[in-house]
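Quick caveat, the model's predicted, so the values are computed rather than measured.
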Amino acid sequence: MKVTINGRTHDLPDGTTVGQAVRELTAAPSGVAVALNDEVVRRGDWETTTLGADDRVEVLTAVQGG
């Protein structure tokens, strides 16, 4: 299935979860937020929220500094 993650199209297997998609994109264990089709997905729901065809995912990583 085709899923858009951070503006790029990815071909992922059916049943891929938000958590699996995040791990593919970043090794950061914390400071990451996810929106699925413009709705924030709580971290506790990442492993039970499955992606569907044509979903749009935004993975945001917090950056510190001034």
Under 3.5 Å donor-acceptor pairs involving side-chain atoms of residues 13-22, not counting sequence neighbours:
unit_1	atom_1	unit_2	atom_2	d
Thr16	OG1	Pro13	O	2.6
Thr17	OG1	Gly19	N	3.4
Thr17	OG1	Gln20	N	3.1
Thr17	OG1	Gln20	OE1	3.4
Gln20	OE1	Thr17	N	2.8

Salt bridge (Lys or Arg N to Asp or Glu O under 4.0 Å) partners of [X], counting only residues at least two apart:
X	answer
Asp38	Arg56
Glu47	Arg23
Asp54	none

- Item | Interatomic spacing from CG in Asp55 to NZ in Lys2 - rounded to 0.5 Å |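 NZ of Lys2 is found 14.5 Å from CG of Asp55.
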- Item | Heavy-atom pair with the smallest gap, counting every atom of Asp11 and Met1 |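 Closest approach of Asp11 to Met1, heavy atoms only: OD1-O, 3.1 Å.
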Name the atoms and distances for all side-chain donor-acceptor pairs under 3.5 Å in residues 3-10, with sequence neighbours left out.
unit_1	atom_1	unit_2	atom_2	d
Asn6	OD1	Val59	N	2.7
Asn6	ND2	Val59	O	3.2

